[in-house]
Amino acid sequence: MAVTTALPTLPAYTTEAVRALLDDNSLLREMSYGLGGPYHVLLPRQFDANAAAFRQVFTDAGVDGRIYYAKKANKAAAYIERAAVLDLGVDVASHGELREALAHGVRGADLVVTGPAKPEQLLRVALLQGALVAVDALDELDRLAVLAAELGRMTRVLLRCRPPGQPHSRDGPAPVRVRRVHRPGRLQLPSLRLRGPSTRRPRR
């Protein structure tokens with residue numbers, strides 16, 4: 001005899017605006033019919049509220065923190081524009097994302113460039129715009145230093161460190177290799193300013 005166990009359910013976390021929208025099924029159906037298929041509903045005011053809530057956590061904890069919105073999470077221009085208005089940082093992982101963020105009013109100094117194996121074009125624009133760069137490999141650090149010297153620019157750097165439990169991850173060098181960075185000379189170049197480590201929580 002087969003036995004099935006129902007998975008526990010959790011109620012959706014919604015807001016008054018979302019509940020009001022869902023209650024008006026006729027509007028959603030009309031939009032689906034008019035657009036001819038699926039669509040996304042964006043809530044910029046909720047974006048603003050979420051940013052304020054994150055900032056309040058920093059305030060309550062007495063931490064001087066900075067919020068970066070990951071552009072790859074949602075490429076809608078509305079959220080990037082709100083990030084610019086709210087003076088948030090934006091995390092970009094490609095030349096196209098960097099260019100779009102700048103086009104929507106985000107300052108270069110408010111960008112952090114992430115992602116492995118960054119092409120030279122991305123690093124070059126990041127340097128020219130004064131963006132923070134999360135370095136994923138030691139050879140990338142060397143390339144960045146050479147390029148910064150050629151352009152006569154100084155760059156702020158985060159050194160991404162691979163989580164110990166993820167030996168095959170591309171998210172930065174292993175901790176034992178990170179220690180090599182601190183050998184005399186490597187981070188004493190005038191074109192580099194180390195701003196700290198960068199890591200991700202291990203995936204479960």
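Just so you know, these numbers come straight off a predicted model, no measurement behind them.
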- Message: Let's go through Lys118 and Glu140 carefully: what are the C-alpha distance in whole Å and the side-chain angles of both, what is the deciding distance for salt bridge (Lys or Arg N to Asp or Glu O under 4.0 Å) to 0.1 Å, and is it a yes or a no?
- Response: CA-CA 8 Å; Lys118 301 176 189 65; Glu140 182 175 278; 2.7 Å; yes
- Salt bridge Asp91-Lys72, side-chain N to carboxylate O under 4.0 Å: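 No.
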[X] side chain to [Y] main-chain N or O, any donor-acceptor pair under 3.5 Å?
| X | Y | value |
| --- | --- | --- |
| Tyr39 | Leu28 | yes |
| Arg156 | Ala109 | yes |
| Glu97 | Ala93 | yes |

Compare every heavy atom of [Y] with every heavy atom of [X], then report the nearest pair and how far apart it is.
| X | Y | answer |
| --- | --- | --- |
| Val106 | Leu102 | O-CD2, 3.4 Å |
| Leu86 | Ala51 | CD1-CB, 4.1 Å |
| Val135 | Leu141 | CG1-N, 3.6 Å |
| Leu144 | Leu123 | CD1-CD2, 4.0 Å |
| Ala101 | Ile80 | CA-CG2, 3.9 Å |

- Task: Have a look at Val112 and tell me which of Leu132, Val90, Val92 forms a side-chain contact (heavy atoms from CB on, under 4.5 Å) with it.
- Result: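 Single side-chain contact (heavy atoms from CB on, under 4.5 Å) partner of Val112 among Leu132, Val90, Val92: Leu132.
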Could you tell me if the side chain of [Y] sits less than 4.5 Å from the side chain of [X], heavy atoms only?
| X | Y | result |
| --- | --- | --- |
| Leu42 | Phe47 | no |
| Arg153 | Leu147 | no |
| Val57 | Val63 | no |

- Cationic tip of Arg66 within the cone over Tyr68's six-membered ring, i.e. under 6.0 Å and within 45° of the normal?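 Yes, a cation-pi geometry holds between Arg66 and Tyr68.
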